[in-house]
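One-based numbering along the sequence shown. Computed from a predicted model, the values in this text were never measured in an experiment.
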Amino acid sequence: MISEFQDLSDKIDRLAQLTQSLRAENYLLRQANSLLSAENLAFKERLNEAQRRVEALLEQFPAPEEPEAPEADGEASEATQ
């Protein structure tokens, strides 16, 4: 009977140690998650800034010239004559 209580006590001790270990790991994972979320936000802000800068540069380029429409079988030249 005492042996059964000792086994149960040992199992409870192991469970308590495992619980404590998992709590510590959970705490570290939450910290890492928080840091990664902040880093992700900073990267998103940098990406948005880069996008704004590229768009501003693109606005500085002149609009592309449209090619002249080809004349249809001399109709345009007849109309001008």
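Annotation: side chain of L47 is not in contact with side chain of Q51 (no heavy-atom distance under 4.5 Å). A 4.5 Å side-chain heavy-atom check between D10 and R14 finds at least one atom pair inside the cut-off. Residues N26 and R23 form no side-chain contact, since every pair of their non-hydrogen atoms from C-beta on lies 4.5 Å or further apart.
Ion pairing between a basic and an acidic side chain is recognised when a charged N comes within 4.0 Å of a carboxylate O; R52 and E55 show no such pairing.
Distance check: D7 CG to I2 CD1 gives 12.0 Å after rounding to the nearest 0.5 Å. Separating the CG atom in D13 from the CG atom in L18 is a distance of 12.5 Å, to the nearest 0.5 Å. Taken from CZ in R53 to CG in N48, the straight-line distance is 13.0 Å, to the nearest 0.5 Å.
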Go through the steps for N33 and R30 under the test side-chain contact (heavy atoms from CB on, under 4.5 Å), then give the verdict. CA-CA 5 Å; N33 187 34; R30 286 180 190 267; 5.5 Å; no

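If you run side chain to side chain contact (heavy atoms under 4.5 Å, CB included) between E39 and each of L36, L41, L35, only L36 comes through.
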